[in-house]
Amino acid sequence: MKTQAGNNKIKSTQIQTIHPAEIRKEFPILNTQVNGKPLIYFDNAATTQKPKVVIDSITNYYRNQNANIHRGLHELSDRATQQYEQARKKTADFIHAKEKAEINFLRGTTEAINLVASAWGNQFLQQGDEIMISQMEHHSNIVPWYRICKSKGCRLKIIPLNDVGELNMETFASLLNAKTKLVSVAYISNALGLINPIQKIIDIAHQAGALVMLDAAQAVQHTKIDVQSLDCDFLAFSGHKMYAPTGIGVLYAKRAILESMQPYQSGGEMIDKVGFDEVTYNELPYKFEAGTPNICGAIALGTAIDFIQDTGMDNIQRYEHELITYASDALKTIKGLRIYGENAKNAPVISFNIEGLHHYDIGSLLNQYGIAIRTGHHCTQPLMDFFGISGTCRASFAFYNTKEEIDRMIQALNHIIKMLTK
Amino acid sequence: MNRQSIAETEKEIVEEFELFDDPVNKYEYLIDIGHQLPEMPQDLKTDANIIDGCTSRVWISAVLKDQRVYYQADSNTVITKGIIALLLRVLNGRKPAEIIDAQLDFLQKINMHNLLSEQRSNGLQSMIRRIKREAQKFIIA
Ligand SMILES: Cc1ncc(COP(=O)(O)O)c(C=O)c1O
C-alpha cells in the first residue's frame, strides 16, 4: 500500500501519537509569515495545505511522466496510464469500494453532485418525484438538486434541524415516502463540523426505496470511510480538502447504478465506437471521464492517500479530536462566545460568534495576527437562516495544527474583543 | 468648513498611519476612528441608503448645505466604520465637484493588507462610487 515517496518521508505506520513538529516539516507553506507573524492556518475545511510528497509528485509528473493516457502505445503514455490507474485503485481501496471501476475522477465534489443530479436525475426522475436534502447542506449539494427538481417537476424536500442544529431524524423518517427517489446529505457539515448519523440515514432511506448520496467533502480527510459497509449509492469528495491538489475529485457510485446511467459529458475517452449514425460508449469508469482528465491531479491524489494512510487515519482522528476538544474548551472561556452546532461528535471544525461583534471584524483582525480562519456564511445560507445569523467565524483544523496555535488564537481573540468593544 | 485641500487631508491621514509598524496597531487606530464616527439617525438607515456590493452592511446619505456636501454613514462592522470615518473626514464639507474629482488613493497608501484584499477593495470601490454619485446628484440639481 505504501509508495516509494511515502516510505521515504514518513517512516512508521505505527505512529501512535501525532508529532506535529515532525508533521509540520512535511508542509513547506506552514513556514510562511503573514503580516510579519508566523502563519496559523485554521481554514482547512476550505482547503488543506499540501505535503512535500504531493508537491513532488506534481513536479515529478510534469518533469518525467507527462503524456496523455489510454491513447499512445509509447512508453511515456503507458507509464502515465499506469500511474493514473494505480491512483484509481488507491482511491478505491481508500474508501473500500468493491472495484476501481466505481471510482470516477472528476473536478471535485461540486462536479460529482452535478453529474448525479444531471445524468441520473434527467434519466430517472419523473414529475412528482421527490429529492431530499437537509437544511445544513453546502450550496453545491442544494443548487444542482434545486435545478433538476425545477426542470423535471419534482419536489425538493428539506430535512429540518433540531434546536442544536443536528438533523431531526424523526422528521426525516416521516418525510420519506414512495415518491422519494434520492436522499443527498453531508457526511460532515462544513459549517458546523457536525457528524451526521449517515448509517441510519442510509438504512432508513433504503427501506423506503430511495437511493442515498453522501457529500463526503468534509469527511474523507477526517474519518475512515467504507462505502461497502455503509452501502451508500453515491459518494462525492474533493482532493484539495485532503492534502491533494485542486481540480481533482471523486464520484463513487455502485457499478449497477453507473451502468444504468447515461453519460454526463461526451467526447473523447468515454466512447467505444463513433459513427455519425451511432455512438457506443466506453465501459466504466471511462464512460464518465470525457476528454483528457486531470492526470497529474489524480496521481497526486494517490500520493495524498498514501500520505494519509502512512500517517494512519486512526492517529489523525485521535489527534484531531484532541485539537477540537482543546479548542472548544478554550473558546468557551471567552465571555459572550457562542458555538454553533456543537455536540459530542464533532469533526475538527468549530463555528462561533462573539456577542455584539461582527464575524467580519473578527476575521479581518485575526488576519493581522497571521491567523487564517473563514468568516461568512460558508456556502450554507439556509443553515445561517436557521440560526438567524449572517455568518460565523469558523476555525477548522488539520493534523499539522497544534494546541499552541489554538492558544495564540485565543490570545488574539481576547485582544480583538478589547479593541472592538472599547 | 474645511481649510485643507482634499489632497492635504489624504496626506495627513497617510502620515498618521505611517506611525504604526505593526498592522494590528494600524487596525486598532482605524477602529478607534470608527468608534468616533457620529451616529447616523436610525430613520436614515433605509434600504435605499444601503450600498450594494459590500460584504458588510453600509448605509450612506448626503445633504447639501451652503454649496457643500455633508454625508452621514454607518456600518454594521467596526472596521468598515473606520474606513467610512476616514472617507468622511476627507470629503465632508467639500463642494460636489471637488468630491467627484477626488483621487482617494490614501486607503491604498496606508497599506493595510485587508483594505487591499480583493473582496474588500471591491466593497471600497462600491462605497467610493456611491459617495461620488451622491455628490453628482447635487450638481445636476
Ligand atoms: C460539505 C461540502 N460540500 C461540497 C463542497 C464543494 O467542494 P468543491 O468546491 O471542492 O467542489 C464543499 C467545499 O467547500 C463542502 O465543504
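First the proteins, then the strands, lettered A, B, ... as listed; each starts at 1.
Here the side chains of N35(A) and V24(B) are not in contact, with every heavy-atom distance at 4.5 Å or above.
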For a quick test of your reading: what N or O donor-acceptor pairs under 3.5 Å do the side chains of residues 408-418 of chain A make, sequence neighbours left out?
from	atom 1	to	atom 2	distance (Å)
N414(A)	ND2	I410(A)	O	3.3
H415(A)	ND1	Y369(A)	OH	2.6

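For Y41(A), there are no ring pair (Phe, Tyr, Trp, His ring centres under 6.0 Å) partners, not counting sequence neighbours. Applying the ring pair (Phe, Tyr, Trp, His ring centres under 6.0 Å) criterion to F386(A), with sequence neighbours excluded, gives no partner residue.
There is no contact between D21(B) and chain A, counting heavy-atom distances below 4.5 Å.
Within a 6.0 Å sphere centred on CZ of R107(A), other residues, nucleotides and ligands contribute 12 heavy atoms or fewer. K95(B) NZ: 12 or fewer foreign heavy atoms inside a 6.0 Å radius. Dense packing is recorded around CZ of R338(A), with more than 12 heavy atoms of other residues, nucleotides or ligands lying under 6.0 Å away. Within a 6.0 Å radius of CD in E16(B), other residues, nucleotides and ligands contribute more than 12 heavy atoms.
Heavy-atom minimum distance, D22(B) versus K37(A): OD1-NZ, 2.9 Å.
When each of D361(A), I362(A), L420(A) is checked for a side-chain contact (heavy atoms from CB on, under 4.5 Å) with T77(B), only D361(A) meets the rule.
Of all residues spanning residues 35-52 of chain B, those with a heavy atom less than 4.5 Å away from chain A's heavy atoms are H35(B), arranged by number.
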